[in-house]
Amino acid sequence: MSELSVKHLLGIKYLKEQDIQLIFETADNFKEVINRSIKKVPSLRDITIANIFFENSTRTRLSFELAEKRLSADVVNFSASQSSVKKGETLIDTVNNILSMKVDMVVMRHPNPGAGIFLSRHVEASIINAGDGAHEHPTQALLDSYSIREKLGDVAGKNVVIVGDILHSRVALSNIFALKLQGANVKVCGPRTLLPKYIESLGVAVETDLRKALNWCDVANMLRIQNERLDISYFPTTREYTQQFGVNKVLLDSLDKEIVIMHPGPINRGVEITSDVADSKQSIILGQVENGVAIRMAVMYLLASKIK
Amino acid sequence: MSEPMGQKVLLSSKEINIILHRLACQLLENHLDFKNTVLIGLQPRGTYVVQRLDKILREDYGVKHIDVGFLDITFYRDDFRRGDKTLSANQTKIDFLVEDKKVVLIDDVLYTGRSIRAALTAIQSFGRPLEIELLTLIDRRFSRHLPIQPNYRGRQVDAINDEKVKVMWQENDGEDTIYLIDR
């Protein structure tokens with residue numbers, strides 16, 4: 001297959017397994033490109049991309065912007081905090097105004113789940129979801145799987161545990177979809193209060209004992225406790241969370257085998273993982289960041305090729 | 001061997017071999033020990049030509065070492081979004097800088113010249129070459145869209161636009177033959 005089955009990247013849920021493979025193969029080529037001394041290709045020189053962020057982001061936004069610039073696209077940035085959204089403009093109006101300036105693709109982060117899907121039904125441009133509330137964050141899941149594939153050769157058949165706040169995490173949901181689609185075995189681990197009811201219906205197993213989960217897995221994806229999303233108390237104290245669900249070097253070294261540690265960032269050092277774990281040889285956290293640019297280049301290249 | 005309808009042999013295995021040796025000698029004449037010269041095969045099909053030439057130069061003419069690379073030009077093409085299909089890329093493998101080197105771009109068939117135009121842009125990502133030459137096995141003259149001509153050519157062909165030149169290689173297709181096919 002040489003083209004994506006979708007026009008937008010709204011979530012992993014809408015992708016097929018072949019789409020993921022195509023994105024990975026294309027990302028391999030872009031990874032080579034971004035390691036050259038001159039890291040730029042002219043592919044998207046006649047494409048304009050708007051980065052619309054209704055929610056704070058540093059890493060994702062930077063990664064998208066870098067990917068766009070490495071593809072030679074024209075880029076406009078927009079963040080809600082300095083815009084007419086504050087003056088009461090609706091989402092469709094905001095985006096249509098931007099599109100009137102001849103924008104071909106929109107990268108959007110929004111606090112409301114489904115914002116990207118809603119937008120894709122009402123505007124002409126190609127939409128890339130850069131995170132919509134607690135729903136999906138597809139490029140993060142793609143780069144996570146890509147990093148696993150790079151480190152372990154394949155995703156299929158691997159055991160992956162996602163640890164932390166599964167309830168509020170779009171990274172967790174997108175990762176579950178992506179990993180299951182590629183044939184990995186997935187467990188989620190965290191305090192009962194942060195594990196959604198009926199999560200098993202997505203085909204994942206639940207484990208509340210971190211040591212058991214780590215002994216089972218090949219890869220542990222450690223999520224951040226998103227204090228900004230925790231409206232009520234889900235666990236007594238951060239200290240208690242760390243004692244039960246934080247990974248430190250002693251725990252890591254006491255496992256039966258060497259596992260790979262991932263983290264989507266930003267890290268709360270000393271909470272979900274300690275510094276010596278984050279900086280250990282088993283951690284591929286910085287590799288994930290590098291792969292993020294290659295993955296986003298691949299996604300935008302493949303989507304742009306469908307714009308006529 | 002009988003030929004399918006609308007397909008004729010342009011060059012046989014023996015002829016290809018003679019031409020490759022002649023091209024190798026011409027490269028040798030201009031570049032001698034290849035100390036400051038790199039050979040770059042264009043993906044996908046120029047890679048076969050460059051590997052053959054590398055082998056001949058090393059095994060038959062005693063050249064000690066040649067820097068050989070593969071260059072993929074997909075992301076530099078000027079027909080992105082103009083066709084129906086997404087252009088899929090191949091691997092680029094250039095483990096050296098081309099800064100101040102003599103670069104010989106190598107491809108199987110020179111047709112419109114657009115691939116070479118893209119390659120001239122792409123190669124700049126690996127440094128500023130001292131000079132760039134072009135070697136093609138088949139030169140389809142009278143069909144150029146751009147002012148690009150090869151420095152070394154295997155065989156010149158006056159194919160009309162409806163015809164296609166198909167280069168087959170032992171290592172990939174099971175035989176060394178070049179066909180001219182009616183489309």
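Each chain gets a letter, A, B and so on, in the order its sequence line appears, and its residues count up from 1.
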For Tyr76(B), is it the side chain, the backbone, both or neither that has a heavy atom under 4.5 Å from a heavy atom of chain A? both
Could you measure the distance from the CD1 atom of Ile18(B) to the OG atom of Ser12(B)? Nearest 0.5 Å is fine. 7.5 Å
Could you check whether the rings of Phe80(B) and Tyr301(A) sit parallel, tilted or perpendicular, using 30° and 60° as the cut-offs? parallel
At a 4.5 Å cut-off on heavy atoms, which part of Lys39(A) comes close to chain B: side chain, backbone, both, or neither? neither
Asp78(B) portion near chain A, given a 4.5 angstrom heavy-atom threshold: both
Set of residues satisfying side-chain hydrogen bond (donor to acceptor under 3.5 Å, both in side chains) with respect to Arg170(A), sequence neighbours excluded: Glu55(A)
Return the option, out of Ser305(A), Ser37(A), Ala304(A), with the maximum number of heavy-atom pairs under 4.5 Å with chain B. Ser305(A)
Tell me whether the guanidinium CZ or amine NZ of Arg109(A) lies under 6.0 angstrom from the six-membered ring centre of Phe53(A) and within 45° of its axis. no
Full working for salt bridge (Lys or Arg N to Asp or Glu O under 4.0 Å) between Arg141(B) and Asp158(B): CA-CA 6 Å; Arg141(B) 59 176 178 174; Asp158(B) 295 341; 2.5 Å; yes
Report which part of Leu97(B) has an atom under 4.5 Å of a heavy atom belonging to chain A: side chain, backbone, both, or neither. side chain
Proximity of Phe126(B) and Phe96(B) rings by center, below 6.0 Å: no
Below 4.5 Å from any heavy atom of chain B, which atoms of Asp46(A) appear? Answer side chain, backbone, both or neither. both
Could you tell me which portion of Ile47(A) (side chain, backbone, both or neither) has an atom closer than 4.5 angstrom to a non-hydrogen atom of chain B? side chain
Contact leader toward chain A among Ile94(B), Thr92(B), Thr121(B), where contacts are heavy-atom pairs under 4.5 Å: Thr92(B)
